[in-house]
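Please read the structure below before turning to the comments.
Chain naming here is simple, since letters A, B, ... match the order of the sequence lines and numbering starts at 1 in each. Predicted model only: the values in this text are computed from it and were never measured.
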Amino acid sequence: MTTTDMPRKVDAGPGRAVPKKRPGAAGGGLRRAVPATTLLWVLAAVYGFPVLWFVLSSFKPAGDLFSSLSLFPDDPTLSGYKAAWDSANFSQYFINTAIVSVVATILTVGVSCCTGYALAKYDNKWLKVFFICILATTMLPGEVMLAPQFLVARDLGLFNSLAGIIFPALLTATGCFMFRQFFLTVPDELVEAARIDGARELSIFLRIMVPISRPIMLTLAILSFQWRWNDYIWPLLMLNDPDKFTVQIGIQSLVGAQNINWSVVLGGSVVSMIPLIVVFLVFQRYVMNADINAGLKD
Amino acid sequence: MTTVGVRRSRRLGRGGIRRLVPLAAVATAGALLLSACGGSDSGSGGTSKSLTFWISTVPGQDAGWKKMVAQYKKETGVKVKLVNIPYDGYDAKLRNSAQANSLPDVASVPKVDPIWANKLIDLKSIANKKSNKINGNFVAKDSSGKVLAIPSDITASGMFINKSLFEKAGVDYPTSPDKTWTWSEFIKAADEVREKTNAKYSLTFDPSPSRLRAMVYEMGGKYVQADDSGKFSVDAATKKAVNTFVGWNDDKTMPKSVWTSEADPSAMFQSGDVVAYWSGVWQVAAYAESITKFEWASVPTPAEPVQASDVNSGGLTVGFNNNGDAAAAAEKFLSWLYEPAHYQALCEASGFLPVETGLNPKYPFKSEAAQAAFKLYNESIPLYDPVSGYFNTAQTNWALKGKTLTEDPTTTELGKAINGQQSADKALDNIVAGYNQQVGG
């Protein structure tokens with residue numbers, strides 16, 4: 001290309017200031033990066049624009065919502081937020097939902113980790129049957145299982161308690177499957193070496209397997225938190241006492257049979273999104289940074 | 001990869017599982033501990049001094065209930081706890097609560113469900129009380145004459161217009177139900193307004209069977225009705241009306257997207273780009289607040305030549321027989337609630353159309369349009385043809401026979417007709433078949 005052996009001043013002119021030792025490297029990298037980056041920005045805009053509009057719309061007064069299709073509110077107001085917050089006992093709902101989501105997430109991750117480990121590293125006929133049973137739960141739509149699940153939960157005395165929305169949600173096929181697949185990739189030599197060093201099964205699991213599965217744990221934690229936070233129909237069926245209601249029940253109660261006050265719904269929805277975003281921002285760092293192929297290389 | 005699996009099975013045997021038992025034990029113990037924390041009261045019903053009352057309203061429209069409950073507490077010392085249940089999932093919640101034996105003592109429900117209909121208190125003494133003047137057409141009775149539910153209010157389909165556009169175009173519209181217009185006159189006027197003002201559409205029409213029924217009734221049809229043997233059919237006037245309706249969906253008079261792809265007709269009307277909106281009285285309170293960029297008005301329902309609408313019960317007030325004390329207290333509360341003075345206060349604060357005749361509620365709206373709208377609805381309802389209440393009564397009768405119209409095929413089938421996938425007549429055939437299958441016989 002434009003490279004020559006002649007040393008040039010850096011400001012010699014446009015198109016000529018290419019460093020001597022990297023013939024075309026920067027240009028090539030740029031050429032490859034530009035379309036990919038552009039595509040990513042376009043995708044980000046496509047996904048981000050509705051969210052941005054949604055958030056900005058929540059600051060519009062009800063009368064502006066449909067009449068002016070401008071992106072920014074002419075006359076920003078928090079009236080939607082205020083109406084949503086005043087409509088019900090939202091602070092209590094937030095506390096309830098936080099308890100449910102945090103407890104359920106911790107337990108789900110714990111249970112899935114144990115289950116996944118057992119399914120991956122132990123060999124037993126009944127374990128396989130159990131695994132198939134877990135997988136089978138994904139093959140039925142949730143609505144089908146709603147009624148029987150309700151009867152079981154009721155007979156266990158979980159009706160109208162937060163435990164009633166935590167326990168039925170603990171064992172998820174997705175979580176078990178994620179951990180099983182991960183532990184399958186962990187070489188058996190790791191377990192064997194620990195055994196030779198005299199480690200007991202429990203300490204192998206707790207001190208070796210649990211720490212290396214951190215990225216999976218955090219991924220599942222994000223997912224599980226999101227599931228529990230957005231859960232609607234099950235909490236609605238299980239909870240009778242408005243002091244135990246969750247945020248989603250509160251948001252849904254803003255939507256009427258015949259008409260919807262959009263400005264109030266928007267305000268409520270934006271508020272309900274915040275904890276999820278915070279959880280994602282906190283945990284995603286660990287997920288992205290962690291090396292999923294932790295452990296020995298096979 | 002497979003070799004690892006094979007080796008795994010040799011190396012890690014049953015001994016490992018046995019060693020994991022303590023972990024499982026710890027997990028189970030933790031789980032039991034947690035479950036012990038919750039799951040206390042699965043109580044069935046209240047007491048003579050404390051009742052639970054389930055309602056389903058949006059914020060702002062629960063004001064009337066709150067007021068009445070507070071007043072009741074003051075007068076009698078009985079505490080009524082209001083619980084607002086979201087509309088979406090309310091039916092399922094009632095059914096499950098019936099199974100869990102944890103129904104409320106009083107509730108305002110969307111419809112009577114055979115699953116819990118046998119647990120209802122007979123409200124005959126309230127419904128038949130002369131001084132209450134409750135319109136008997138809307139009371140839900142079973143075949144033995146037991147009164148299962150009394151509406152908390154009634155709702156009716158109605159027409160909204162963008163008054164600003166009408167004025168801009170210089171087109172007149174009727175203001176009194178005595179001198180209303182026909183559908184043809186209305187469409188002509190709305191089209192004229194659209195053309196003169198460059199509005200997008202003349203009319204948006206809720207994608208709802210109820211709104212279509214109202215229009216069909218007004219054009220002299222009966223929509224889908226059953227004969228004595230329980231077999232459904234449609235009459236010639238209905239066919240004509242439905243064909244006319246499908247014809248209006250030409251993306252000029254009416255947007256196709258509302259009936260075919262769930263575009264929000266109310267949002268379109270609120271944008272100010274639509275001349276008129278066929279919806280119902282429940283929008284009034286919302287529009288009093290949310291429409292600020294133009295003037296709107298309720299206009300009399302068209303009559304061609306039948307003066308009618310689809311009149312339904314807004315919510316059905318029921319009492320559940322949870323235990324003797326609570327049931328007596330619930331009946332006493334409802335009896336108090338439907339005394340005309342108290343009921344009028346409820347209607348005024350909630351923006352309800354009263355089910356009791358002879359009331360003259362004064363609604364608290366600041367918006368003149370809303371005041372005029374309520375006046376119009378209250379004047380119109382006594383004029384409506386009895387066909388207007390057909391569906392409301394039919395629905396309760398189906399429920400008592402253990403049947404529900406879980407999915408009215410109207411919207412889907414007509415959506416296909418509007419989309420050109422089938423003729424309007426074929427759509428009606430399919431709708432009739434759907435009714436026969438779900439609630440026929």
Any B:Asn84 side-chain heavy atom under 4.5 Å of A:Phe245 side chain
no
Out of curiosity, A:Phe150 CZ to B:Ser97 OG, how far, rounded to the nearest 0.5 Å?
6.0 Å
Go through the structure and list residues passing side-chain hydrogen bond (donor to acceptor under 3.5 Å, both in side chains) with B:Thr317, not counting sequence neighbours.
B:Tyr338
When you look at CH2 of B:Trp278, are more than 12 heavy atoms from neighbouring residues, nucleotides or ligands closer to it than 6.0 Å?
yes
Counting only N and O atoms by type, is there a donor-acceptor contact under 3.5 Å from the side chain of B:Lys81 to the main-chain atoms of A:Pro242?
no
Using atom types as modelled and distance alone, determine if a side-chain donor or acceptor of B:Tyr87 lies under 3.5 Å from a backbone N or O of A:Gln252.
no
Partners meeting side-chain hydrogen bond (donor to acceptor under 3.5 Å, both in side chains) with A:Asp243 (sequence neighbours left out):
none
Drop me the distance from A:Ile249's CD1 to B:Asp88's CG, to the nearest 0.5 angstrom.
11.5 Å
More than 12 heavy atoms from other groups under 6.0 Å of CD on B:Glu262:
no
Quick check: does any side chain N or O of B:Asn96 sit under 3.5 Å from a backbone N or O of A:Met238, one acting as donor and the other as acceptor?
no
Is chain B contacted by the side chain of A:Ile165, its backbone, both, or neither, given a heavy-atom distance below 4.5 Å?
neither
Whatever's closer than 4.5 Å to a heavy atom in chain A on B:Asp264 counts as side chain
So what's closer than 4.5 Å to chain A heavy atoms on B:Ser266: side chain, backbone, both or neither?
neither
Would you say NZ of B:Lys168 has more than 12 non-hydrogen atoms from neighbouring residues, nucleotides or ligands within 6.0 angstrom?
no
Out of curiosity, A:Ser253 OG to B:Ile55 CD1, how far, rounded to the nearest 0.5 Å?
10.0 Å
What's the spacing between B:Lys93 NZ and A:Asn240 CG if we round to 0.5 Å?
4.0 Å
Within 6.0 angstrom of B:Glu289 CD, more than 12 heavy atoms from elsewhere:
no
When the 4.5 angstrom heavy-atom criterion is applied to A:Leu156 and chain B, the contacting part is neither
Rounded to the nearest 0.5 Å, what separates atom CD1 in B:Ile85 from atom CG in A:Leu236?
6.5 Å
